[in-house]
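The structure under discussion appears below in the form of structure tokens.
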Amino acid sequence: GMAWVENGEIQTFKTLAFSEFMSAYDSVIERCGEIDILIHFRITSRGHTTLDMCHPFMVNDEYAIIHNGTMSKITAKECDHGESDTSFFAREILANLPDGWMCNKSITRLLEDFIGYSKVIIMRNNGDIQILNEDSGYWVDNVWYSNKTYEAPKYSRSDNYDYYGYR
């Protein structure tokens, strides 16, 4: 899925098909030019693998988030019927914070502590972006990655093994 700001409003697109994602992405770039876009390809760790659980998640009309990791402080019991920890975090934590929370360093430090080793990117409808645990990710050519899975696979010297080390 992806989120971007267009005409002062956060727009989102979610799909389970990569070809649909690429078509939508190309359309956004053609329409909006070079803008900040949150992009997330989900590997399910908690919750069901459904369109509803695809990222990004809207917190409210002002904020959208994407997340990588598992929030250990959110228990499986707290998530309703296959809900992901990210969906729960957006709905139960972020949606209940006071106005201006994204600009409050004390609140963002508490949020970073709450999410542990996870990484969360928050986009605001004015285009501002906040990365929680930014130092745990990687900036490459003005793109921030939450991990190194964007890199090409590294093969063994015999090239008889796939990315995970076995055939």
Side-chain angles (χ1 to χ4, degrees), residues 1-16 18 20-47 51-74 78-79 83-151:
M2 63 181 167
W4 67 98
V5 176
E6 190 171 349
N7 300 319
E9 294 183 9
I10 295 177
Q11 306 294 318
T12 63
F13 177 80
K14 297 182 181 192
T15 182
L16 297 175
F18 186 73
E20 288 178 16
F21 170 83
M22 286 307 302
S23 292
Y25 175 81
D26 290 342
S27 175
V28 170
I29 296 300
E30 184 177 310
R31 213 171 44 253
C32 301
E34 194 170 311
I35 60 169
D36 289 329
I37 301 175
L38 302 185
I39 296 174
H40 188 278
F41 298 108
R42 182 169 189 235
I43 298 173
T44 305
S45 58
R46 279 211 177 149
L51 195 58
D52 288 343
M53 289 301 108
C54 284
H55 299 226
F57 291 99
M58 293 298 296
V59 174
N60 52 35
D61 290 340
E62 191 174 358
Y63 300 102
I65 69 164
I66 60 175
H67 160 241
N68 186 21
T70 301
M71 296 183 201
S72 61
K73 292 185 179 179
I74 297 174
E78 290 177 297
C79 296
E83 181 181 29
S84 71
D85 50 354
T86 312
S87 174
F88 181 90
F89 182 68
R91 181 175 48 82
E92 292 294 327
I93 306 296
L94 298 180
N96 291 298
L97 293 175
D99 290 341
W101 62 267
M102 190 169 146
C103 300
N104 184 316
K105 281 190 170 207
S106 297
I107 291 176
T108 56
R109 287 182 70 186
L110 288 169
L111 290 172
E112 286 178 331
D113 182 61
F114 183 84
I115 66 171
Y117 293 105
S118 290
K119 297 106 174 176
V120 172
I121 304 179
I122 305 151
M123 176 178 271
R124 193 172 182 186
N125 62 356
N126 67 1
D128 288 347
I129 293 177
Q130 173 80 35
I131 303 173
L132 302 179
N133 291 332
E134 180 177 359
D135 292 343
S136 297
Y138 306 90
W139 281 100
V140 178
D141 298 327
N142 293 320
V143 175
W144 186 83
Y145 297 90
S146 64
N147 57 47
K148 289 194 171 190
T149 57
Y150 66 90
E151 293 181 335

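Computed from a predicted model, the values in this text were never measured in an experiment.
Around the OH atom of Tyr25, the shell of radius 6.0 Å holds no more than 12 heavy atoms that belong to other residues, nucleotides or ligands.
In this structure, Phe41 and Thr149 have side chains that are not in contact, with every pair of non-hydrogen atoms separated by 4.5 Å or more. Between Asp113 and Lys73, the closest side-chain pair of non-hydrogen atoms falls below 4.5 Å. In this structure, Val5 and Ile35 have side chains that are not in contact, with every pair of non-hydrogen atoms separated by 4.5 Å or more. Using a 4.5 Å heavy-atom cutoff, the side chains of Ser146 and Ile131 are not in contact.
Screening Ile10, Ile66, Ile65 for a side-chain contact (heavy atoms from CB on, under 4.5 Å) involving Leu38 leaves a single residue, Ile66.
Judged as a side chain to side chain donor-acceptor pair (under 3.5 Å), not a single pair has a partner in residues 98-108 (not counting sequence neighbours). Contacts classified as salt bridge (Lys or Arg N to Asp or Glu O under 4.0 Å) and involving residues 114-134 (residues at least two apart or in different chains) are given here: Glu62-Arg124.
At distances below 3.5 Å, not a single donor-acceptor pair connects side-chain atoms of Asp26 with backbone N or O atoms of Ile29. Side-chain atoms of Gln130 do not come within 3.5 Å of backbone N or O of Ile122 as any donor-acceptor pair. In this structure, Asp36 contributes its side chain and Ile129 its backbone to no donor-acceptor pair below 3.5 Å.
Across every non-hydrogen atom of Thr12 and Pro56, the tightest pair is CG2-CG, 3.7 Å. Scanning both residues, Phe21 and Phe13, for their nearest heavy atoms gives CA-CE2, 3.8 Å.
Scored by the side chain to side chain donor-acceptor pair (under 3.5 Å) test, Ser118 finds His67 as partners (sequence neighbours excluded).
With rounding to the nearest 0.5 angstrom, the CD atom of Glu112 is 5.0 Å from the CG atom of Leu132. The structure places CE of Met22 at 13.0 Å from CD of Glu20, a figure rounded to the nearest 0.5 Å. Expressed to the nearest 0.5 Å, how far CE of Met2 lies from NZ of Lys14 amounts to 13.0 Å. Going from atom CG of Asn60 over to atom CG of Leu97 covers 10.0 Å, rounded to the nearest 0.5 Å. The line from CD1 of Ile39 to CH2 of Trp4 is 10.5 Å long, rounded to the nearest 0.5 Å. Summarising the geometry, atom CZ belonging to Phe89 is positioned 11.5 Å from atom OG belonging to Ser84; distances are rounded to the nearest 0.5 Å.
For the residue pair Arg91/Ser87, the side-chain donor-acceptor check at 3.5 Å is not satisfied.
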